[in-house]
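What follows is one structure encoded as structure tokens, with my remarks underneath.
Heavy-atom basis, side chains included; hydrogens, waters and symmetry copies ignored.
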Amino acid sequence: MCGIIAYLGTRPAKEVLLAGLAKLEYRGYDSAGLCFSDKNGLLSFKAVGPVKNLVKTIEGNDKYSLGIAHTRWATHGEPSEINAHPHFDCQHKIAIVHNGIIENHNALKEMLIKEGHKFVSATDSEVIAHLIEKFDEGNLESAFIKAINLLQGSFAVVAIQAGSRRLLATRRSSPLIIGVGKEEFFIASDVPAVLAYTNQVIYLQDNDFVSIDDSGYKIKTLAGKEIKRELEGVQMNLEEIEKGGFKHFMLKEIMEQPITLAQTIAGRVVNDKIKISLQIIPGSFDRIVMAACGTSWHSALIGKYLIEEIAGVRVEVDYASEFRYRQPLISSRDIFLAISQSGETADTLAALREAKAGGAQTAALVNIVGSTLAREVDSGIYLHAGPEIGVASTKAFSSQIAGLLIFALYLRQLSGASLDKGLLMELKNLPKAVEAVLAGADKIASLAQQFKKTNNFLFLGRGLNFPVALEGALKLKEISYIHAEGYPAAEIKHGPIALIDEDMPVLFIATKNLLSDKILSNMAEVKARQGKIIAVVDRDFQDIAALADHLLVVPSVHPLLAPIINNIPLQLLAYYIADARGLDVDRPRNLAKSVTVE
Ligand code: M6R
């Protein structure tokens with residue numbers, strides 16, 4: 001988490017840094033800060049809260065053309081001005097910004113304090129500035145490298161020194177890119193931060209060390225060996241990362257799902273065949289092991305149903321954070337599939353490395369092109385859902401399910417079995433069905449008004465609709481702060497039914513599948529205890545209408561596509577409830593879009 005942007009060039013650094021920070025706020029927004037440098041020294045500004053609070057503190061100061069900036073998601077030390085980055089050495093001559101966690105900061109801090117260094121913040125990051133100061137004998141590069149070599153953990157760091165026109169940076173397990181313009185250079189956590197100025201970027205790799213001055217950039221290993229990294233032209237355009245007239249990114253991203261799903265599917269279903277370029281040899285695997293976090297983990301659960309039913313291949317799903325530490329039994333007969341929107345989630349990357357070490361073949365379903373995950377797997381499927389800025393994942397989830405369906409069909413095709421042409425046709429028509437659901441957004445907005453004051457919510461589904469229930473509950477709780485639980489509908493009688501009374505709204509995902517009749521009995525059990533029922537249904541189902549207080553009708557689609565369709569009313573309900581509660585939907589409290597710490 002945390003977003004970094006640094007600039008060295010000819011424009012006012014203030015403009016570049018503040019615009020860059022605004023694009024990086026999805027990575028954290030509990031405080032922000034920046035530091036300019038010129039021959040007279042360093043000048044810094046900090047503010048608690050989102051970047052707009054920082055903007056207010058900086059009047060003028062347009063003369064600086066070099067600076068570093070940071071937007072924070074707190075790990076060590078509460079959100080406060082003192083803990084906001086940049087951090088400094090004792091002399092206030094060195095400034096650093098850091099993303100990640102320095103795991104050995106306590107030991108380093110103790111050593112530095114004994115040597116006379118004075119710390120002002122409660123962060124792990126501040127040790128970096130003091131270490132550089134400790135080693136500085138007139139050569140900043142060498143001091144920087146010595147300091148970095150003492151760090152354990154994950155980090156992307158940029159440092160500057162008073163009076164020097166130079167940016168120094170490195171990364172380990174936290175993303176960092178260089179943007180290259182005409183006579184100007186940028187360093188950032190992610191491409192959108194520099195896209196207004198250049199689309200020419202270099203994706204730095206672990207332990208790359210970069211030194212930039214007005215004459216250009218040099219990339220070396222931390223051992224000092226010069227290396228070449230490819231300058232790549234990125235495809236993303238600026239419009240894709242603007243709100244485009246919507247009140248929030250989340251609403252924009254929900255509404256663009258017909259397009260983003262079409263992008264995920266495009267070119268992958270051709271003449272009733274699946275065309276993807278995964279490096280998987282038929283007969284070379286016995287099972288698929290998937291690991292992911294949050295919403296991506298819910299996609300993986302849906303993937304298990306899809307792959308086992310369509311391809312007849314055994315699937316196991318783990319939380320990445322559990323997988324990485326539980327000594328999983330992995331072999332070369334496993335395909336490890338990591339699922340991630342960002343491709344930078346620390347636990348998912350660690351799980352991937354664990355699976356690789358066990359000899360598994362590796363693949364990823366990932367949205368961000370060029371992300372660490374995309375680079376580390378043997379092969380993968382890009383979602384092509386475009387940048388997702390809202391912290392709550394919406395369009396990426398739909399694209400992940402579509403991607404998993406394509407993956408399941410591909411595995412079936414590999415085995416030589418024929419594909420269901422009806423399903424392929426419906427998959428291609430899916431964007432139209434999604435449009436039809438979105439057309440009902442106003443009805444869901446008025447329903448949200450009735451539930452905006454509730455304190456609890458239950459989401460229930462069976463079969464493929466069970467992970468949809470989990471996802472509906474996650475979406476509601478993360479942006480509205482309403483306590484919500486997802487359960488397999490049949491499980492409620494083993495405990496959660498005790499919660500049901502007239503104040504407990506229960507959302508059933510009750511579209512037609514093999515378990516439709518059974519879910520009716522579960523609904524009756526809730527109704528008998530005065531629970532308020534909202535039901536997502538796909539037909540004129542009299543029995544449900546008699547039990548439900550509110551019906552959300554979605555188009556009938558193939559049952560294997562239903563999770564995508566059924567999830568959309570849940571996304572809209574969560575969005576409209578959070579908005580009706582007056583909350584900052586795109587920046588829910590305590591969260592960040594990209595969780596690059598464990
Ligand atoms: O980028 P990833 O898909 O790896 O992120 C995983 C989770 O952090 C993410 O899905 C999170 O749960 C979202 N806030 C859900 O809306």
Side-chain angles (χ1 to χ4, degrees), residues 253-270 272-278 288 290 292 295-311 315 317 337-343 363-369 374 379-388 393-413 419-438 464-465 467-468 471-472 475 509 511 554-571:
E253 287 158 6
I254 292 173
M255 292 300 180
E256 67 191 15
Q257 288 176 104
I259 300 166
T260 53
L261 274 163
Q263 288 169 184
T264 305
I265 299 161
R268 288 169 167 165
V269 184
V270 182
D272 296 333
K273 289 264 172 305
I274 299 298
K275 293 245 184 288
I276 48 175
S277 46
L278 282 176
I288 311 290
M290 289 193 241
T295 288
S296 298
W297 181 75
H298 297 152
S299 307
L301 292 181
I302 293 172
K304 176 178 168 74
Y305 283 86
L306 296 175
I307 295 167
E308 291 190 342
E309 178 165 340
I310 295 174
V315 178
V317 176
L337 180 69
I339 305 180
S340 174
Q341 186 286 129
S342 61
L365 200 57
V366 60
N367 193 32
I368 301 297
V369 176
S379 57
I381 304 173
Y382 278 125
L383 302 179
H384 298 311
E388 191 181 65
S393 186
T394 52
K395 61 177 182 171
F397 180 66
S398 307
S399 286
Q400 284 169 345
I401 305 170
L404 282 160
L405 179 65
I406 290 168
F407 179 62
L409 290 163
Y410 168 80
L411 292 179
R412 182 177 170 87
Q413 183 172 286
L419 304 183
D420 174 348
K421 289 190 182 156
L423 173 59
L424 294 179
M425 178 63 80
E426 283 210 45
L427 175 60
K428 288 211 260 187
N429 290 333
L430 186 66
K432 286 228 154 31
V434 172
E435 267 171 27
V437 188
L438 292 171
L464 273 164
N465 284 330
V468 175
E471 174 60 10
K475 217 80 314 173
I509 302 129
T511 51
V554 294
S556 262
V557 292
H558 191 293
L560 298 180
L561 294 170
I564 297 177
I565 296 296
N566 297 349
N567 181 245
I568 290 168
L570 277 51
Q571 296 174 340

When rounded to the nearest 0.5 angstrom, what is the spacing between [atom1] in [X] and [atom2] in [Y]?
X: Asp420; Y: Arg412; atom1: CG; atom2: CZ; answer: 8.0 Å
X: Leu464; Y: Leu301; atom1: CG; atom2: CG; answer: 10.5 Å
X: Gln257; Y: Leu438; atom1: CD; atom2: CG; answer: 6.5 Å
X: Lys428; Y: Leu424; atom1: NZ; atom2: CG; answer: 7.5 Å
X: Ser296; Y: Glu471; atom1: OG; atom2: CD; answer: 9.0 Å
X: Asn367; Y: Ile381; atom1: CG; atom2: CD1; answer: 13.0 Å

Subject >> Verdict with reasoning, Leu423 to Leu561, per side chain to side chain contact (heavy atoms under 4.5 Å, CB included) >> reply: CA-CA 8 Å; Leu423 173 59; Leu561 294 170; 4.1 Å; yes

Please confirm whether the backbone N or O of [Y] pairs with a side-chain atom of [X], one donor and one acceptor, at under 3.5 Å?
X: Tyr305; Y: Pro467; answer: no
X: Gln413; Y: Ile274; answer: yes
X: Lys395; Y: Pro387; answer: yes

**OP:** Say whether Asn567 and Ser398, considering side chains only, have a donor N or O and an acceptor N or O under 3.5 Å apart.
**Re:**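 Side chains of Asn567 and Ser398: no pair found under 3.5 Å.
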
Original post:
With a cut-off of 6.0 Å (strictly less than), are more than 12 heavy atoms of other residues, nucleotides or ligands near CD of Glu309?
Top reply: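 12 or below, so no.
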
Nearest heavy atoms of [X] and [Y], plus distance in Å:
X: Ile302; Y: Pro563; result: CD1-CB, 3.9 Å
X: Glu388; Y: Gln341; result: OE1-CG, 3.5 Å
X: Ala433; Y: Val557; result: CB-CG1, 3.9 Å
X: Ser399; Y: Ala385; result: OG-CB, 3.7 Å
X: Leu427; Y: Ile406; result: CD2-CG1, 4.0 Å
X: Ser379; Y: Ser277; result: CB-O, 4.1 Å

**OP:** Tell me, with the steps shown, if Ile339 and Leu404 meet side chain to side chain contact (heavy atoms under 4.5 Å, CB included).
**Re:** CA-CA 9 Å; Ile339 305 180; Leu404 282 160; 3.9 Å; yes

**OP:** Start with the C-alpha distance between Phe407 and Leu306, add both sets of side-chain angles, then the distance that settles side chain to side chain contact (heavy atoms under 4.5 Å, CB included), and finish with yes or no.
**Re:** CA-CA 9 Å; Phe407 179 62; Leu306 296 175; over 6 Å; no

So, do [X] and [Y] sit near enough that their side-chain heavy atoms are less than 4.5 Å apart?
X: Gln400; Y: Thr264; answer: no
X: Val437; Y: Pro555; answer: yes
X: Leu430; Y: Ile564; answer: yes

Subject >> Passing option when Leu409 is tested against Ile276, Ile310, Ile307 for side-chain contact (heavy atoms from CB on, under 4.5 Å) >> reply: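 Going through the options one by one, the only one that passes is Ile310.
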
**OP:** Starting from the C-alpha separation in whole Å, work towards a yes-or-no answer on side chain to side chain contact (heavy atoms under 4.5 Å, CB included) for Ile565 and Val434.
**Re:** CA-CA 6 Å; Ile565 296 296; Val434 172; 3.8 Å; yes

Original post:
Using the ring of each side chain (for Trp, its six-membered ring), is Tyr382 parallel, tilted or perpendicular to His384, with breaks at 30° and 60°?
Top reply: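 Tyr382 vs His384 ring planes: tilted.
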
